[in-house]
2 protein chains.
Amino acid sequence: MRRALQIINYNDDTEELARYAKALGHPTRIEILKYLENQSCCFTGDLVEVFPLAQSTISQHLKELKDAGLIQGELKPPKIKYCINQENWTKAKLIFESFFKKHDYTTAYLPKT
Amino acid sequence: MRRALQIINYNDDTEELARYAKALGHPTRIEILKYLENQSCCFTGDLVEVFPLAQSTISQHLKELKDAGLIQGELKPPKIKYCINQENWTKAKLIFESFFKKHDYTTAYLPKT
DNA sequence: ATCCCTTATCGCAAATATACGATTGATTGT
DNA sequence: ACAATCAATCGTATATTTGCGATAAGGGAT
């Protein structure tokens, strides 16, 4: 994405929240995660059968979820088993929680900036 | 965004979550919301002073937040007062909560599909 | 080494997103 | 009616995203 002429340095929490949110910002990726939540894990091929999308497209969405840290792949030759990345999942959960909580309890909000 | 040749109809919850997440998927918009949380409300001009971005850029981000339903504008001539849209904010909060909760309590997950 | 299965990556096209400056539009006050 | 103020929109440039088909890459089995 194009950056402002003057580079803006947001604090880490903001960047992290935006990164997770961006990864969740597509219905297909939400559905993939919901699928993973139910199955606990799955293979790329499973998703290709579930979604009317090309294999390369599914792979791309998985890559984005992986890059965001929300899922992780495990080699199970000849397939790859994808699972939710528990650690980051919890992290994301907490970041979203704290973000939304702030408005309820303003006094609990301690901004970094 | 380009759609698949075969149109995919995701369920409403998925679309809504993705819509909120997409709106949150940019650090500037996160910061705007944090600012709104602290100030409870603000004018566009306030933000233009806070962020090193052009007025048109700020306005565009506000539009996206408004389109997503997260904020609302109120005419306070000659300015426009922006506040968080309480109703949708709560809605978003709950949708995110339920999305992240699912993995903790699988049995509580009742998928529509 | 070769083949097979599975998934990732490449190359391309089209749509969206992000940013800016300039202009328009709306409203208040003179 | 006119000017001033503030925010939205337009036009433009560039970057990113989304999707596809085709190809490459990795690993096991023959």
Side-chain angles (χ1 to χ4, degrees), chain A residues 1-10 14-15 18-32 35-36 41-68 71-83, chain B residues 1-10 14-15 18-32 35-36 41-68 71-83:
Chain A
M1 99 196 55
R2 190 189 169 194
R3 284 291 182 183
L5 295 178
Q6 181 177 343
I7 288 139
I8 306 175
N9 281 313
Y10 298 98
T14 297
E15 293 281 3
R19 193 161 47 81
Y20 286 134
K22 196 172 183 180
L24 298 178
H26 194 286
T28 297
R29 292 197 287 272
I30 297 285
E31 287 289 344
I32 288 174
Y35 189 87
L36 278 175
C41 286
C42 78
F43 303 106
T44 307
D46 300 342
L47 297 171
V48 175
E49 284 174 23
V50 173
F51 296 95
L53 292 168
Q55 178 264 322
S56 56
T57 304
I58 297 289
S59 192
Q60 215 165 347
H61 281 304
L62 287 171
K63 180 177 159 53
E64 289 199 46
L65 290 172
K66 199 170 60 182
D67 288 349
I71 65 172
Q72 59 194 2
E74 190 190 337
L75 230 70
K76 284 273 183 182
K79 303 184 180 182
I80 295 175
K81 196 172 75 171
Y82 279 106
C83 307
Chain B
M1 100 196 56
R2 191 188 169 193
R3 285 290 181 183
L5 296 179
Q6 181 178 341
I7 288 140
I8 306 176
N9 282 313
Y10 297 99
T14 297
E15 293 280 4
R19 192 161 49 80
Y20 287 134
K22 197 172 185 179
L24 298 178
H26 194 286
T28 297
R29 291 196 288 272
I30 296 285
E31 287 290 345
I32 288 174
Y35 189 87
L36 280 174
C41 286
C42 78
F43 303 107
T44 307
D46 300 343
L47 299 170
V48 174
E49 283 174 25
V50 173
F51 295 96
L53 291 167
Q55 177 264 321
S56 57
T57 304
I58 298 288
S59 194
Q60 215 166 349
H61 281 305
L62 287 172
K63 180 177 158 56
E64 288 199 45
L65 289 171
K66 200 170 57 181
D67 288 349
I71 65 173
Q72 58 194 1
E74 189 191 338
L75 231 70
K76 284 273 183 181
K79 303 185 180 181
I80 295 174
K81 195 172 76 173
Y82 279 105
C83 307

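Numbers restart at 1 for each chain; the letters A, B, ... are given by sequence-line order, proteins then strands.
Every side chain to side chain contact (heavy atoms under 4.5 Å, CB included) that A/Arg19 has, sequence neighbours left out, goes to A/Glu16. A search for side chain to side chain contact (heavy atoms under 4.5 Å, CB included) contacts involving A/Gln72 returns A/Asn85, not counting sequence neighbours. For B/Thr44, there are no side-chain hydrogen bond (donor to acceptor under 3.5 Å, both in side chains) partners at least two apart in sequence or on another chain.
One atom, CG of B/Asp67, and another, P of C/dT18, lie 13 Å apart when rounded to the nearest Å. Atom CZ of A/Phe43 and atom C1' of D/dG27 are 14 Å apart (whole Å). Atom NE2 in A/His61 sits about 8 Å away from atom P in D/dC20, given to the nearest Å. Rounded to whole Å, atom P of C/dT6 lies 6 Å from atom NZ of A/Lys79.
Within the structure, salt bridge (Lys or Arg N to Asp or Glu O under 4.0 Å) contacts touching residues 43-66 of chain B (residues at least two apart or in different chains) are B/Arg29-B/Glu64, B/Lys63-B/Asp67.
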Output one line per pair: protein atom, nucleotide atom from nucleotides 8-10 of chain D, and distance, for all N/O pairs under 3.5 Å.
{"residue": "D/dA8", "atom": "OP1", "partner": "B/Tyr82", "partner atom": "OH", "Å": "2.1"}
{"residue": "D/dA8", "atom": "OP2", "partner": "B/Ser59", "partner atom": "OG", "Å": "2.7"}
{"residue": "D/dA8", "atom": "N7", "partner": "B/Gln55", "partner atom": "NE2", "Å": "2.8"}
{"residue": "D/dA8", "atom": "N6", "partner": "B/Gln55", "partner atom": "OE1", "Å": "2.9"}

Please enumerate all protein N or O atoms sitting under 3.5 Å from an N or O of nucleotides 28-30 of chain C, with distances to 0.1 Å.
none

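A close approach under 4.0 Å does occur between a side-chain nitrogen or oxygen of B/Lys22 and OP1 or OP2 of C/dA17.
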(request) Let me see the working for A/Leu53 and A/Leu47 under side-chain contact (heavy atoms from CB on, under 4.5 Å), right down to the final yes or no. (result) CA-CA 9 Å; A/Leu53 292 168; A/Leu47 297 171; over 6 Å; no
